[in-house]
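Structure in structure tokens, see below.
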2 protein chains.
Amino acid sequence: MALANNHISVDCVIIGFDGEQLNVLLIERVCEEKGEWTHDMKLPGSLIYQDEDLDEAAARVLQELTGLKNVNMVQFKAFGSKDRTKNPKDVHWLERAMELKVDRIVTIAYLSMVKIDRKLNSHLADYKASWVPLKQIRTLAFDHNLIIKEALMYIRQYVEFNPAALFELLPRKFTALQLRVLFELIYEKELDVRNFHKKIAMMEYVVALEERQQGVSHRAARYYRFDKKIYNKLRH
Amino acid sequence: MALANNHISVDCVIIGFDGEQLNVLLIERVCEEKGEWTHDMKLPGSLIYQDEDLDEAAARVLQELTGLKNVNMVQFKAFGSKDRTKNPKDVHWLERAMELKVDRIVTIAYLSMVKIDRKLNSHLADYKASWVPLKQIRTLAFDHNLIIKEALMYIRQYVEFNPAALFELLPRKFTALQLRVLFELIYEKELDVRNFHKKIAMMEYVVALEERQQGVSHRAARYYRFDKKIYNKLRH
DNA sequence: GCAAAAGTGTTGGGCATACACCCATGA
DNA sequence: TCATGGGTGTATGCCCAACACTTTTGC
């Protein structure tokens, strides 16, 4: 029985929220099969170097493939099914793109939740990286659909212990509606508007601003912001 | 920059409860250094084979190193610091025991919670495996102290969503005291006796038996058992 | 009878749920 | 004036936390 002399990769599940939907950051993959060129999508991820920690590798790979820097990622699961690199399309792509004959790749999956804003998006196109709404995601490379599914399960548990993580998804100023939609998406159930306002009122670290929406064709909503200092104080 | 052609291992954190304390199953490691032979302890863990899934590898390795079969393990975290195999003692051991010159090993850590009973213990000695109380664990091989610490953090979250896991640690018949001590150890805080009894009473899947302790020099405690069928029914 | 652990009830506060109407704004 | 979403209060039930004494048993 051969000891595995395996390759190790990291894959990054970057989740963003556009005010209406959860999105995942995917990059384009160009495949050649029997002379035909096709495109599909994958998570940003690649093999790690010999001399870097897993966390370092994740940060490097994300930057190389999407241009994003300083994204706080958390490792959430390793995927090492022996079948995960068996799809001929994937094998083919690995051989061409990585110049690599590979038996199996164990991948360590990382997760981050970020604000989708102009600064972040400014260079994504250069990398053929784009935000894809969760519900519109088709079949991805390798087992990346599975990885995303598990990332979402992980998020649900994660935010219970780190409510602050939710606010990473929102712009600095956000409305009660945005926050509520976010909760509803993550917990997959609808919330009562009035109870939700009370809930916000009880979260001292969500502070109401005087500022309101402008130019909307209905009563303007109040803005809120997340106060990290208050949050941290309450945690201790 | 060299792509890592890494080795992958699995390590198993098997947690047991003896009625008073949490224990971890460790195996003995014999080291030779400058002609001196020393013993220390490590988690049961080893390299994976080329053709097995991670979960399969964990089950195989645990059986090979401790004789334990059919232990339900859950993957909880990957450890891949580039320094984790840099201790000379560990390097030395790897070269001798694994016949392997290794740059770095990424390990996928698995967790299980089990009953410590005679059946389980019957062959542990043959494997130089033994239960070590958490509080008495000294410096272990590699980063195994860290792995155990993270396992315990993981358990705390895990039992919130899978209360059933706790009962894996207890004998089939257990007293309220045992269950309470277990809660206290895992949550690291003391619980009020009366409130705890109410809590048990509300858990329909914890059923009181007529049977009581025998031969104790104080009022005999009632036994309880965990009813999996009721538990599963309530979860759906 | 005493040491040691088992077992038992009540109260108050906080938190989640359910539920319906008026307000502000732009078109 | 209408369509659209913003924003508000009350009542109820549940769960949790706090708190002290009596019971059983072996020695």
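Residue numbers start from 1 in every chain, and the chains themselves are labelled A, B, ... in the order their sequence lines are given, proteins ahead of strands. In this text the structure is predicted, and so the values were computed from the model without any measurement.
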Report task. Round to a whole Å and report the spacing from OH of B:Tyr187 to C1' of D:dC16. Result -> 15 Å

Report task. Have a look at the helix from C:dG1-D:dC27 to C:dA27-D:dT1 and give the angle its two end axes make, five pairs each, rounded to 10 degrees. Result -> 0°

Query raised in the report: In this structure, are over 12 heavy atoms from other groups packed under 6.0 Å from A:Asn70 atom CG?
Result: no

Query raised in the report: Would a 4.5 Å heavy-atom cut-off, applied to side chains only, mark A:Val74 and A:Tyr154 as touching?
Result: yes

Query raised in the report: CZ of B:Phe196 versus P of C:dA6: gap in Å, rounded?
Result: 12 Å

Requested in this report: Return the value, rounded to whole Å, for the distance between atom CD1 of A:Ile200 and atom P of D:dG6.
Outcome: 11 Å

Report task. Between protein and nucleotides 11-19 of chain C, map the contacts as a letter string: B base, S sugar-phosphate only, - none, heavy atoms under 4.0 Å, written 5' to 3'. Result -> ----SSBBB

Query - Basic-acidic side-chain contact under 4.0 Å: B:Arg60, B:Glu52 - result: yes

Query raised in the report: To the nearest Å, how far apart are B:Leu179 CG and C:dG7 C1'?
Result: 15 Å

Query raised in the report: Would a line drawn from the ring center of A:Phe196 to the ring center of A:Phe183 be shorter than 6.0 Å?
Result: yes

Report task. Can you label the angle between the B:Tyr205 ring and the B:Tyr231 ring as parallel, tilted or perpendicular, going by 30° and 60°? Result -> perpendicular

Query raised in the report: Rounded to whole angstroms, how far apart are CZ on B:Phe174 and C1' on C:dA6?
Result: 16 Å

Requested in this report: Identify whether the distance between the nearest side-chain nitrogen and carboxylate oxygen of A:Glu204 and A:Lys233 falls below 4.0 Å.
Outcome: no

Requested in this report: Determine whether the aromatic ring centres of B:Phe174 and B:Phe167 lie less than 6.0 Å apart.
Outcome: yes

Query - Lys/Arg-Asp/Glu bridge criterion (N-O < 4.0 Å) met for A:Lys199, A:Asp192 - result: no

Query raised in the report: Can you tell which of B:Thr107, B:Ile105, B:Asp11, B:Val106 makes a side-chain contact (heavy atoms from CB on, under 4.5 Å) with B:Phe79?
Result: B:Thr107

**Report entry** Side-chain ion pair, A:Asp40 and A:Lys42, N-O less than 4.0 Å
**Finding:** no

**Report entry** Length of the CZ-C1' vector between A:Arg180 and D:dT8, whole Å
**Finding:** 14 Å

Requested in this report: Figure out the NE2/P separation between B:His197 and D:dA17, and round it to whole Å.
Outcome: 16 Å

Between the protein and nucleotides 23-27 of chain C, list the N/O to N/O atom pairs that are separated by less than 3.5 angstrom.
residue	atom	partner	partner atom	Å
C:dA24	N3	A:Arg219	N	3.0
C:dT25	O2	A:Ser217	O	3.1

Requested in this report: Grab the CD-P distance between B:Gln214 and C:dA5 for me, whole Å please.
Outcome: 19 Å

**Report entry** Ion pair check, A:Arg180 and A:Glu184, cut-off under 4.0 Å
**Finding:** yes

